[in-house]
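Remarks on the structure that follows.
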There are 2 protein chains.
Amino acid sequence: MGRPTMEDVARRAGVSRALVSLVMRGSPKVSQTRRAAVQRAAQELGYSPHAMARSLASRTSTVLGVMVSDLHNPFFAEVIDGLDVMAREQGFDVIINTGGRSPARERRALTSLLSFRPAGVVLLSPVVPSAAISSAAAQLPVVLVARSSRLSGVDTVNDDGEQGGALAVDHLVSLGHRRIAHLDGGEGSGSGARRRGYLTAMAGHGLPARIVSSEYTDAAGARAVRELLAAGELPTALVACNDLNAVGAVSALEEAGLRVPRDVSVVGYDNTALAALRHVSLTTVDQPRNEIGRLAAESLLQRVRGERAHPARHLLHPSLVVRSTTAPPPD
Amino acid sequence: MGRPTMEDVARRAGVSRALVSLVMRGSPKVSQTRRAAVQRAAQELGYSPHAMARSLASRTSTVLGVMVSDLHNPFFAEVIDGLDVMAREQGFDVIINTGGRSPARERRALTSLLSFRPAGVVLLSPVVPSAAISSAAAQLPVVLVARSSRLSGVDTVNDDGEQGGALAVDHLVSLGHRRIAHLDGGEGSGSGARRRGYLTAMAGHGLPARIVSSEYTDAAGARAVRELLAAGELPTALVACNDLNAVGAVSALEEAGLRVPRDVSVVGYDNTALAALRHVSLTTVDQPRNEIGRLAAESLLQRVRGERAHPARHLLHPSLVVRSTTAPPPD
DNA sequence: TAGAGCTGTTAGAGCGCTCTACTGACGAGC
DNA sequence: GCTCGTCAGTAGAGCGCTCTAACAGCTCTA
């Protein structure tokens, strides 16, 4: 009934439990004969080692915990891909958890993750208060993605939103646009940096900035455009805070009888799968998501192995992906 | 340096380790005084129980393992939401893993999940060979979502694709359509049932069926429409195998100068967030994803508690969400 | 007044492993 | 021939917890 243990395998193979342990961990100091016997016995019994007992006994863990604030956001899926590959290459297992964007749920999720005593944790865009992060960081290495922190026990990996915002502006300016508005992401993670990038780039080109407050949703993007239309202040180009917002903006423009990009150009941010759809084909700023995941895993493993004690602050370069929603301004 | 243990808490509170254990598990047979003392000591030391040691000692687990074939598909995010809520209500923790659509990676992911000795596992649309599933099922309760199985140790939760396919056809017929084609999902999970639903419903209305082979991507949807156009056989309505495919079909129609839904109606499947975007506003078949997750958790917990031994086969009813891509046929 | 029946508490074994220290066997070196 | 070192293997403690059994210290009953 119960699953077989090392003891069972040892008995069947006619060796000691300790030897089975050595075989399971691939130790070189086991004779071929015994190794084969143990492996056969394990095979026959359907034995596989008990990760928890192992980590309890060895006082080490080969598990990395990942808490995702929002599983619905495909952005994280790609980050996790990169992270997962990197972790597995280094012999670590990854377990994932979700906090569903709620601070209370995230707190529980984090506690639950910590109860497995992983070697370290990665928090993807957490909304949990920083006190919770610092108390976690007191126990094990912590890496933050898409959220900054000044804690010295914590590494961070972010994309350079300022650069991304500037990339969008520069592209539009090079097409000949001069009246460019920014649909602002408000409280959204990273929106401050994107806004600053927009402002700096506009100032750099000697152009007047125009910020419309909005949010990371398509409905908000549409609303922002309607406000601009109602005020009679529609510019020739829009830099949206993210792809969803950009798509909402495009639909509001089309509903108003305007054509994108003939009448108005629109740039998104994130290069989500949505932006790549032919039906949408959005010019957007791409974050190197896979790379973000790899770097997060790498930073964490450096800490885990004690190779580094000072905090790492990674800032990755975004790039522009030009598709069909940008063109020179009319006339 | 090391994290505090029960022993530390016990010493600090001036009680035995066993009493701390009772307090941690919320046992009623502890006096108020001692309980308070223990809780204070735990608080001061920043103690939290070691889940692995606990499950090792108690020979039980309060962990449910979830393996997701593809984290990029937002469909699973909602299933996990439902599952997670249900599991937490019942005092279980959820850990997630991903197999990235590759049988080899899924196998590793499954092994890794099992090494935590969870109370049971849920496999979301796994592509792993059924031998791996049955060997897992020999060790613990297994629930399959979006994949069927005849194994008696395995429960399954699926949406009724036949009903969904029929729902789409019935809606179009009631609008007056008679020439309705199906863009088929090929090898995609659940596409067979959707096709059968289409075929049965068409036959039921006495209409000729027309199946175009396609896939679960927007590019494939566009290609299928171009084939229909090239053959001069464009029907007045399309039942796509999923939302992505439907969006691809819509763009190809619009590229050809046709208007949706004035010239051609299109119905998707899945009711993804994409379908709800105003820019897309796709009429589609909705699967009760949250409910799927809840049912998966519920089935698993019934098995875990030994309340049921025979396999459960849940088939959930999809529903139609009418948006802006369907209308009566021209003339 | 002895026993029965609580209630609150503890000692100690043991969950499935790893790890340190040790043993026995065997050949090399003097 | 004797020590020494190496190699293959084992015994036994212990990781942080739970659980069983036992045990004080009560009150209640006969």
Side-chain angles (χ1 to χ4, degrees), chain A residues 1-39 41-42 45-63 91 93 114-119 139-140, chain B residues 1-39 41-42 45-63 91 93 114-119 139-140:
Chain A
M1 157 81 220
R3 298 195 51 178
T5 74
M6 253 186 192
E7 202 69 54
D8 301 324
V9 177
R11 211 173 1 250
R12 187 174 188 107
V15 299
S16 72
R17 178 169 32 79
L19 188 74
V20 177
S21 174
L22 290 176
V23 172
M24 287 303 149
R25 283 175 290 147
S27 161
K29 34 181 70 182
V30 178
S31 69
Q32 281 310 315
T33 348
R34 307 276 203 172
R35 181 185 305 280
V38 168
Q39 279 165 344
L45 292 173
Y47 171 80
S48 79
H50 191 312
M52 313 226 206
R54 167 177 290 182
S55 98
L56 186 59
S58 65
R59 269 140 289 183
T60 62
S61 169
T62 58
V63 172
D93 282 321
L114 294 182
S115 77
F116 289 96
R117 300 291 191 270
Q139 308 185 353
L140 41 46
Chain B
M1 159 77 219
R3 300 195 52 177
T5 75
M6 253 188 190
E7 202 67 55
D8 301 325
V9 176
R11 213 176 358 252
R12 185 173 190 109
V15 299
S16 70
R17 180 170 31 82
L19 188 75
V20 178
S21 173
L22 290 174
V23 172
M24 287 302 149
R25 283 175 291 148
S27 159
K29 35 180 67 179
V30 178
S31 68
Q32 280 310 313
T33 350
R34 307 277 203 172
R35 180 185 304 280
V38 168
Q39 278 164 345
L45 291 174
Y47 171 81
S48 79
H50 191 313
M52 312 228 207
R54 168 176 289 181
S55 97
L56 187 59
S58 65
R59 269 139 289 183
T60 62
S61 169
T62 59
V63 172
D93 282 322
L114 293 183
S115 76
F116 289 96
R117 299 292 190 271
Q139 308 187 352
L140 39 46

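Letters A, B, ... are given to chains in the order of the sequence lines, protein chains preceding strands, and every chain is numbered from 1.
- Minimum interatomic distance between Arg17(A) and Ala10(A) (heavy atoms only, all atoms of both residues): N-CB, 3.7 Å.
- Heavy atoms only, all atoms of each residue included: Gly46(B) and Gln139(A) are closest at O-NE2, 3.8 Å.
- The nucleotide range of DNA chain D contacted by chain B, defined by atoms under 4.0 angstrom from heavy atoms of the protein and reported 5' to 3', is dG16(D) to dC19(D).
- Nearest heavy atoms, Leu140(B) versus Pro118(B): CD2-O, 3.4 Å.
- One interatomic measurement links the two molecules: CE of Met6(B) to P of dT10(C), which rounds to 13 Å at whole-angstrom precision.
- Considering every non-hydrogen atom in both Val9(A) and Ala42(A), the closest pair reads CG1-N, 3.9 Å.
- A donor-acceptor contact closer than 3.5 angstrom links the side chains of Arg25(B) and Ser21(B).
- Each of Pro28(B) and Leu56(A) was assigned the nucleotide of DNA chain C with the nearest heavy atom; the assignment lying further toward the 5' end belongs to Pro28(B).
- Of all the residues in residues 8-22 of chain A, Val15(A), Ser16(A), Arg17(A), Ala18(A), Leu19(A) reach under 4.0 Å from DNA chain D with at least one non-hydrogen atom.
- Atoms NZ (Lys29(B)) and P (dT10(C)) sit 14 Å apart, rounded to a whole Å.
- Here the shortest heavy-atom pairing between Ala119(B) and Ser61(B) reads N-OG, 3.4 Å.
- In this structure, a donor-acceptor pair under 3.5 Å is absent between the side chains of Arg54(A) and Thr60(A).
- Heavy atoms only, all atoms of each residue included: Thr5(B) and Tyr47(B) are closest at C-CE1, 3.6 Å.
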